[in-house]
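One structure is given here, and the rest of the page talks about it.
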2 protein chains.
Amino acid sequence: MAEGPTITTIAERAGVSIASVSRVLNGLPTREETVRRVLAAADELGYVPNAVARSLKSRRTLQVAFAMADIGNPVYVAMIRQIQPVLKAAGYRLVLHSTDADVAEEIDVLRSLGERYADGMIMSPLRVTDDHLKAITAARAPVVIIGSVPEGTPVDNVRADSGTGVRLALDHLYALGRRRIGFVDGPLDTVPGAARLAAYRDALHALGLPYDEDLVEIGDFYRTDGAAAAARLLRRAGDVDALMCANDLIALGAYDVLRRAGRRIPADVAVVGMDDTDLAAVAWPALTSVCLGSAERGRAAAELLLDRLRDRERPPRVVMVPPRLVTRASTEGGP
Amino acid sequence: MAEGPTITTIAERAGVSIASVSRVLNGLPTREETVRRVLAAADELGYVPNAVARSLKSRRTLQVAFAMADIGNPVYVAMIRQIQPVLKAAGYRLVLHSTDADVAEEIDVLRSLGERYADGMIMSPLRVTDDHLKAITAARAPVVIIGSVPEGTPVDNVRADSGTGVRLALDHLYALGRRRIGFVDGPLDTVPGAARLAAYRDALHALGLPYDEDLVEIGDFYRTDGAAAAARLLRRAGDVDALMCANDLIALGAYDVLRRAGRRIPADVAVVGMDDTDLAAVAWPALTSVCLGSAERGRAAAELLLDRLRDRERPPRVVMVPPRLVTRASTEGGP
DNA sequence: GAGCCTGCTGTAAACGTTTACGGGAGTGGC
DNA sequence: GCCACTCCCGTAAACGTTTACAGCAGGCTC
C-alpha cells in the first residue's frame, strides 16, 4: 500500500506541469498531444483523484448526511432506500447518523455540519425544540427536515399529514361498526405523538363518539413500549373493539398483547397501524396501516436538498405528502 | 451563511500566529495566557475546525464505508445497528453504499476507496469473484469482508457458518418427523446460495434421506422471488412437509404461497428461515429461523476494522460466528 | 518586420490545517 | 559579560487539488 500517485507524479511522468494534468483530467481544452501523454501516464499509474484535496479546494464534499432516530425502524429504511439513489445519481454519498431521538445528540449533529464534512443534511427529528430551530437556521449547510416544523420556519420541509391519516383510519373503523376505539400513542412531547392524539380527538368528535380517557395510552414508538401501553389500555378498557396505533411497531406490540389476552384480530379487536412499513404486510393477520408515504417523503427530501444545493437563494419550500389508508386483514368484517 | 472562521481568523483576533492557535486547539503545551486568549477568540467566533482540511493534512478522514446489497434487507440493518455505535465511539462516521449485489458496482465501490474519502470499508458481498479479490487486495484502504472468502485470502473476514446452520435446521425438522424437506435457495453463483445448497445435501445425507431434485428450487434472496420459487416447488413436489428457506424473506414469500395453496403452517408444512431478522418474530405463525448472528458479525467487523486501522501490519484475522437455531411456531408439532 | 491575436502551457497562490525548525527572551552558572 | 539551556512562539512548508495570471511560440495582418 505505497503512497498513491498524485497529479504531481503524473506531471513528472508525462513531462508537463501539474496545471496541465489538472486541465486534462477536468476536460478543459488542451492540445491533443498533451492530453494523450497525461492520460497515458494517469492510466499507467492507476491514478485516482483525491476527494479530500478536491473538497478542500472546491468547498464541496459531495456528501449528504441523513439523521434519524433509529435505523431499526423500517420507516427510516424506507426513506433511505429512496434517498440513496437520488443522491447517488447526483454524485453524492450518504453519511448516516442514528440519534436515538436524543435532542442533545440531534443538536450536536446539526452543529457538526460546521466541520464541513457534508454539503447538506436531511433530518427527521421526533421532537422539534427551540434549540432545534436555532441549530437548523444556524447550521453551516442546508438542512431539509422530514416532519413538521412551526409555520414560517425558513427551512425546506417535507410533511406527512398524520392528522388526516388518523381521520381516515377512524372513519374506516367506524364504518366497520366499531365504537370503542382505543388509541395507543407515542410520547406527547414528540411532534407526531402530539399531532396524532389531537387528530384522534377531532376524529372522534367528528364521528359523534365521546372522548374517553380510559381508551388512550401513551408509550413510545417501539414494539415493547407499544405492547406495555396496549396491555394497560386493555386492563382499563376491556370492552375496546378497535385499536388505533401511532405506528406499526406499536401495533405489533398490541398484537402480542391481544393474542395473549385471547382476543381475536379483527373479530374482537380491529387494529390499525401507521407508516405502512414492510412489517404491516408481513404480520398476521396483515396489518391495516395508514401509509404516510415514507418512500415519497424520502425522495422529496432528497430532491429538495439537491435543489437547495444548486441554489441557496430560492425560497424554502414545504412538500406535503398525503396519507392513504391501506386496508388489510386486521380490520376486516364487523364486530 | 458567511464564510466561517478559520484558525487564521482566530489568530488575528487573539494576536498570535496560526501555529499557536493550532497548538492550543490540539492541547499542546502553551503558555497559560496564550491558551486563554485563543480559546476566548475561538469561542466568540464560534469556531468549528474544518474536517476536510484536517483530513488532507492528517491523511485520515475519520470515515468508514459500509457496502451491502440492499438496505431493504433487515439483515444489513441489524449489522448497521451494531457497526454504527462501535464506529461512533471511535470517532468515525459511517458512509453507506447499497450495491444491489451488482458485481461491477461492488468493484467500483472498492476502487472508489482510492479517492480517500474513507479510511476503511466493511463490505458484505453476495458474490465473491476473482475481480472482487483483486479489488480488495488492491484497495487503497483496509477492507473487512462479512461473508466467506477463499481460504488464505489476506483480508480480515467475519464469517457465519451457514452450513452448520442448515444442518441444525434439518436436524430439527427431522426430529419433528418431517421427511420431505424442500429447499428454496438463492442464486447458486452467490457464496451463501452455493454453501447452503451444499449444506442441504450433506445434511440430507447425514440424516439418511435421499436427495430429490424436485424438492429444490432456486430463486433470489427477495420475498417475491422466494414466493415464485416456492410456488414452483409446490407444484412439482406436492407432498412436501417442510420448507427450508435460504433466508427470512424467501420464507415469508413461501408463507404467502402456502397459505394461498391452503397448506397450514406448521401442521402441513413446517417452515424454517435464515438470518433470524425482526421479520421472523413478527410473522405469523412466528418463523423458526437460523440465527447467523448478523448483529455479532456487524460488531465484529467494525472491531476488526478499527484494529486494522490502528495497526496495518497485524496479520489478517478470521472471526467465525456460530449459528443458532431459534425455534418458533412455524415448526411446532409433528405432521 | 512590427504588432497583434490565438492557443497552449507553466508558475504560483489558494483552500484550512498540522508541524518541523529556528529564533528570541529569560534564567542561571561561571 | 558570555555561554548554555529552557520555554514559547512565529515562519514556512506540506497535504493534493484548482485556477488566475502571465508568458511563449507561431501565424496573421498591415
Side-chain angles (χ1 to χ4, degrees), chain A residues 2-39 41-42 45-63 91 112-119 140-141, chain B residues 2-39 41-42 45-63 91 112-119 140-141:
Chain A
E3 289 314 313
T6 69
I7 53 168
T8 308
T9 331
I10 299 182
E12 283 164 7
R13 178 117 172 191
V16 298
S17 74
I18 60 167
S20 288
V21 175
S22 176
R23 274 187 292 259
V24 169
L25 296 176
N26 289 315
L28 297 176
T30 315
R31 189 161 52 112
E32 176 90 22
E33 161 72 6
T34 311
V35 172
R36 235 185 14 73
R37 290 231 304 278
V38 168
L39 290 183
L45 292 166
Y47 171 78
V48 182
N50 183 312
V52 176
R54 187 175 282 190
S55 293
L56 179 58
K57 181 69 194 170
S58 67
R59 292 152 168 272
R60 313 192 328 146
T61 57
L62 292 179
Q63 296 195 148
S112 77
L113 278 177
E115 295 172 21
R116 317 243 109 168
Y117 67 88
D119 298 337
R140 303 210 50 83
Chain B
E3 288 313 314
T6 69
I7 53 168
T8 309
T9 332
I10 299 182
E12 282 163 8
R13 177 118 173 189
V16 299
S17 73
I18 61 166
S20 288
V21 175
S22 175
R23 275 188 291 258
V24 169
L25 296 176
N26 290 314
L28 297 176
T30 315
R31 189 163 52 112
E32 175 91 22
E33 161 71 5
T34 311
V35 172
R36 234 185 14 75
R37 290 231 305 278
V38 168
L39 291 183
L45 292 167
Y47 171 78
V48 182
N50 182 312
V52 176
R54 188 174 283 189
S55 292
L56 180 59
K57 181 68 193 172
S58 67
R59 293 151 167 273
R60 314 191 330 146
T61 58
L62 293 179
Q63 295 194 148
S112 77
L113 279 176
E115 296 172 21
R116 318 242 112 172
Y117 67 87
D119 298 337
R140 303 211 51 82

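Reminder, nothing fancy here: chain letters follow the sequence lines and each chain counts from 1. These numbers come from a predicted model, not from an experiment.
The minimum heavy-atom distance between B/Ser55 and A/Val52, with the atom names listed, is CB-CG1, 3.7 Å. The two atoms that bring A/Pro49 and A/Arg54 nearest to each other are CB-NH2, 3.3 Å, heavy atoms only. Closest of all the heavy-atom pairs between B/Tyr117 and A/Gln63 is CD1-OE1, 4.4 Å. Contact record, B/Ala41 with B/Ile10: CB-CG2, 3.9 Å, taken as the closest heavy-atom pair.
Checked by atom type and distance alone, the side chain of A/Arg116 never pairs as donor or acceptor with a backbone atom of B/Ala53 at under 3.5 Å. For A/Glu115 (side chain) and B/Ala51 (main-chain N/O), no donor-acceptor pair under 3.5 Å exists by modelled atom type. Here the side chain of B/Thr9 pairs a donor or acceptor atom with the backbone of B/Thr6 at under 3.5 angstrom.
In the helix from C/dG1-D/dC30 to C/dC30-D/dG1, the terminal helix axes, each the rotation mapping four pairs' C1' atoms onto the next four within five end pairs, subtend 70°, rounded to 10°.
Where B/Val16 and A/Ala53 each meet DNA chain D at their nearest nucleotide, the meeting point lying more 5' is that of B/Val16. If B/Ser58 and B/Ser17 are placed on DNA chain D by their nearest nucleotide, the residue sitting closer to the 5' end is B/Ser17.
Using a 4.0 Å heavy-atom distance criterion, B/Thr34 is classed as a sugar-phosphate-only contact. B/Ser22 comes within 4.0 angstrom of a nucleotide base, judged by non-hydrogen atoms across all strands. Among the atoms of the strands shown, only primed sugar atoms or phosphate atoms (P, OP1, OP2) are found under 4.0 Å from some heavy atom of A/Arg59.
The neighbour count for B/Glu32 CD, taken as heavy atoms of other residues, nucleotides or ligands under 6.0 Å away, does not exceed 12.
Think of the region where chain B sits on DNA chain D: with heavy atoms and a 4.0 Å cut, that region ends 5' and 3' at D/dC8 to D/dG16.
The distance between atom CZ of B/Arg31 and atom C1' of C/dG26, rounded to the nearest whole Å, is 12 Å. Regarding B/Leu25, its CG atom lies at a distance of 13 Å from the P atom of C/dT19, rounded to whole Å. Look at CG on B/Asn26: it is 10 Å from C1' on C/dT19, rounded to the nearest Å.
Screening residues 5-18 of chain A for salt bridge (Lys or Arg N to Asp or Glu O under 4.0 Å) gives A/Arg13-A/Glu44 as the qualifying pairs, with residues at least two apart or on separate chains.
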